[in-house]
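In what follows, chains are A, B, ... by sequence order, proteins preceding strands, each numbered from 1. All values reported here derive from a predicted model rather than from experimental measurement.
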Amino acid sequence: MSTNGKKQVPLLDGMMKLPAFPGDTGHLIGCKCRKCGELFFIRREICENCQGQELEEIALSKKGKLYAFSVMFYPAPPPYKPPEPFVPYGLGWIELPEGIVLFSLITENDPKKLIVGMEMELLFDKLEEDKDGNDVMVYKFQPGRSG
Amino acid sequence: MDDVVIAGVGMHKFGRFPEKDPADIAIEAILKALKDSDMTYQDIQFALCGRVVLKRPGLGIEILAKVGMTGIPIYEINAMCATGGAMLKLARDAITSGSCEVVLVYGVDKHKGMFEDLGEPWQNRLGMKASPISFATVAQKYMSDYGATEEDFARVAVKAHKNGAKNPYALFQNELTIEQVLKSPMVAYPLHLYNFCTPDDGAAAVIVCSKKAAKKFNISQPITIAAAVMQTAQYPSSVIEPSSTASTCTKSKAYSVTELAARKAYEMAGLGPEDVNVVEVQDTESAHELVHIEQLGLCKPGEAYKLLRQGVFDITGRLPVNPSGGIQCKGEPPGASGLGQVCEIVWQMRGQAGARQTNNPKVGMCQVFGWNHIAAVSILKK
Ligand SMILES: [Zn+2]
């Protein structure tokens, strides 16, 4: 999906597959070790568990459950660029049905509205424009619309 | 293995000394430790210098040369906030290996502000791994799992400050109330400003020697290093332990680095958690003091905040925790903070802790934890 001829590019290579055509939802990239079967978020060369070097890329689930969270009430140090004015931001560990947890920004910044175990859904959001005018995209999770 | 003992300890106050050269801060701690041991600098055969944040190249060697040029080997060690405990293990190993008999271990740092580069570059661009967040998610999980409250975390800070108010080496020597902690600004939910340690300046030094050397030098009240262990992550890493890990597996049981280190330390010492009389733990913020007490096996998971409410961890309690006030009061110069714990436990065991003195402890424990799954645990005994 592109607007005004601009491309969407991921913040980090190997992190996510962005939607490529209308109706496509995209996904986060996992890699599964062919030797021991362990699964990791973001493409990597070596298995943390068995040091195997054959890892197969797979699409990770777009839904998970909130495992733990925090809301940051002060800007992190650089290279984080806080919005003007600064708005507190949520972060959390999301547990996927595949049996891994991954760390993510979350869209909700009111701790009272976040509960461990609640359904969370993946979305992609624009972080900034790069020097070529492309939209640099990041992944986030938001509380599930059903919940 | 009762072969290695602590012969002397010394500290430079932890605090803010912008005008003071870090070398001078370190030298003060070293000279105090030498005086405390009744040894001379000529007796030192090997040295280790810990620093984490200070950038001055060759500083550890410079400090040593300023105290005296005796030609001994020295290594600089950086194991993040676990540096002090990591060096104690190296010193003990050097002596048990037979390569030397007297080791000087010192740590020094000048630290201000947050670490700016704890995570991977993409994580830092998103502000994901600033240290308060990593610790706060663990605190949130602890509340959710066990029913602890923000008030319990405030109670940890209140207890720390009650002790720190009696510690001349502490940055903060003021008492706090639960209300003051809860009214201090929320930094990262559920933790407030007064729950956090503060980065600062300071130095600590410890002289470690063989039991044989301790006899030869007629060391009074030598304290045995019954165990010293350093530990990094073992797959699968503990899910929410502060680190740059982007994901981890939840299918098999994960152990925290502190649990893994403690298990090895108890085995090495031939002692169990029930034998420990006083402990200094890494209290980067109030919640982790409780988490670390549990990870050391000193009580059951989810029990620490209840025991805290009962006063068990007070100086007058059954198991005093952080009688020094911890880094919540002392502040944290990461290169020196672990040895600061060792100084406190040694003073406690010798009965030299003044107004902070606990009830005649025979076995003490020190635990440090640092960024990216690293911990060191040591057990000291009379
Ligand atoms: Zn593998």
Side-chain angles (χ1 to χ4, degrees), chain A residues 10-13 15 28 30-31 36-42 44 47-51 60 66-82 88-96 98-105 109-112 114-117 127-128 136 138-140, chain B residues 112-145 150 184-193 196 233-252 254 285 287 373:
Chain A
L11 174 63
L12 183 75
D13 200 35
M15 174 185 278
L28 293 179
C31 60
C36 74
E38 286 298 300
L39 178 62
F40 306 92
F41 166 47
I42 304 180
R44 53 163 58 226
C47 170
E48 268 177 24
N49 182 41
C50 77
Q51 294 73 57
L60 293 177
L66 188 58
Y67 185 87
F69 65 88
S70 178
V71 174
M72 187 68 174
F73 285 85
Y74 285 85
Y80 175 73
K81 294 175 203 157
Y89 58 103
L91 303 112
W93 288 94
I94 312 294
E95 186 166 23
L96 301 184
E98 290 92 328
I100 64 166
V101 286
L102 57 84
F103 200 55
S104 179
L105 294 169
N109 71 354
D110 180 355
K112 287 192 214 70
L114 293 165
I115 304 159
V116 168
L127 174 69
E128 60 191 353
V136 177
V138 294
Y139 70 97
K140 293 181 181 176
Chain B
K112 52 185 172 189
M114 264 186 246
F115 282 102
E116 292 194 351
D117 43 10
L118 280 184
E120 295 184 33
W122 69 269
Q123 293 169 330
N124 295 337
R125 174 64 190 87
L126 298 178
M128 286 173 96
K129 291 290 182 179
S131 55
I133 298 166
S134 298
F135 286 94
T137 50
V138 183
Q140 188 280 321
K141 181 77 174 148
Y142 186 83
M143 283 168 58
S144 162
D145 282 354
E150 284 176 45
S184 69
M186 181 75 84
V187 174
Y189 175 84
L191 299 172
H192 297 256
L193 183 63
F196 282 92
Q234 191 173 300
Y235 190 86
S237 59
S238 178
V239 173
I240 54 178
E241 198 161 73
S243 76
S244 61
T245 304
S247 76
T248 188
C249 154
T250 52
K251 282 181 294 185
S252 33
E285 32 64 39
H373 307 292

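Counting heavy-atom pairs closer than 4.5 Å to chain B, the top residue among Leu11(A), Asn49(A), Val138(A), Ile94(A) is Asn49(A). Heavy-atom pairs under 4.5 Å with chain A were tallied for Ser237(B), Ser144(B), Ser247(B), Pro121(B); the largest tally goes to Ser247(B). Per-residue heavy-atom pair counts under 4.5 Å with chain B were compared for Val101(A), Ile115(A), Leu12(A), Leu96(A), and the maximum is reached by Val101(A). Ranked by heavy-atom pairs under 4.5 Å with chain A, the first of Ala130(B), Ala246(B), Ser252(B), Ala136(B) is Ala246(B). For the set Phe69(A), Phe41(A), Tyr80(A), the entry with the most heavy-atom pairs within less than 4.5 Å of chain B is Phe69(A). The residue among Leu39(A), Leu91(A), Leu102(A) with the most heavy atom pairs within less than 4.5 Å of chain B is Leu91(A).
Interface residue Val71(A): backbone and side-chain heavy atoms are both found under 4.5 Å from chain B. Both the backbone and the side chain of Thr248(B) come within less than 4.5 Å of a heavy atom in chain A. Proximity to chain B (any heavy atom under 4.5 Å) is shown, for Leu105(A), by both the backbone and the side chain. Heavy atoms closer than 4.5 Å to chain B are found in the side chain of Tyr89(A), but not in its backbone.
If you take OH on Tyr235(B) and SG on Cys50(A), they are separated by 9.5 Å, rounding to the nearest 0.5 Å. To the nearest 0.5 Å, atoms OG1 (Thr137(B)) and CE (Met72(A)) are separated by 11.5 Å. For the atom pair OH (Tyr189(B)) and CG (Asp110(A)), the distance works out to 9.5 Å, reported to the nearest 0.5 Å.
With sequence neighbours excluded, the residues that form a salt bridge (charged side-chain N to carboxylate O under 4.0 Å, His left out) with Lys81(A) are Glu128(A). With sequence neighbours left out, the ring-ring contact (aromatic ring centres under 6.0 Å, His included) criterion links Phe103(A) to Trp93(A).
Surrounding CG of Asp13(A) are at most 12 heavy atoms belonging to other residues, nucleotides or ligands under 6.0 Å away. No more than 12 heavy-atom neighbours from other residues, nucleotides or ligands sit within 6.0 angstrom of NZ on Lys112(B).
Across Gln140(B) and Ala68(A), no two heavy atoms sit closer than the pair OE1-CA, 3.3 Å.
Between Leu127(A) and Arg125(B), the closest side-chain pair of non-hydrogen atoms falls below 4.5 Å. A 4.5 Å side-chain heavy-atom check between Pro185(B) and Tyr74(A) finds at least one atom pair inside the cut-off.
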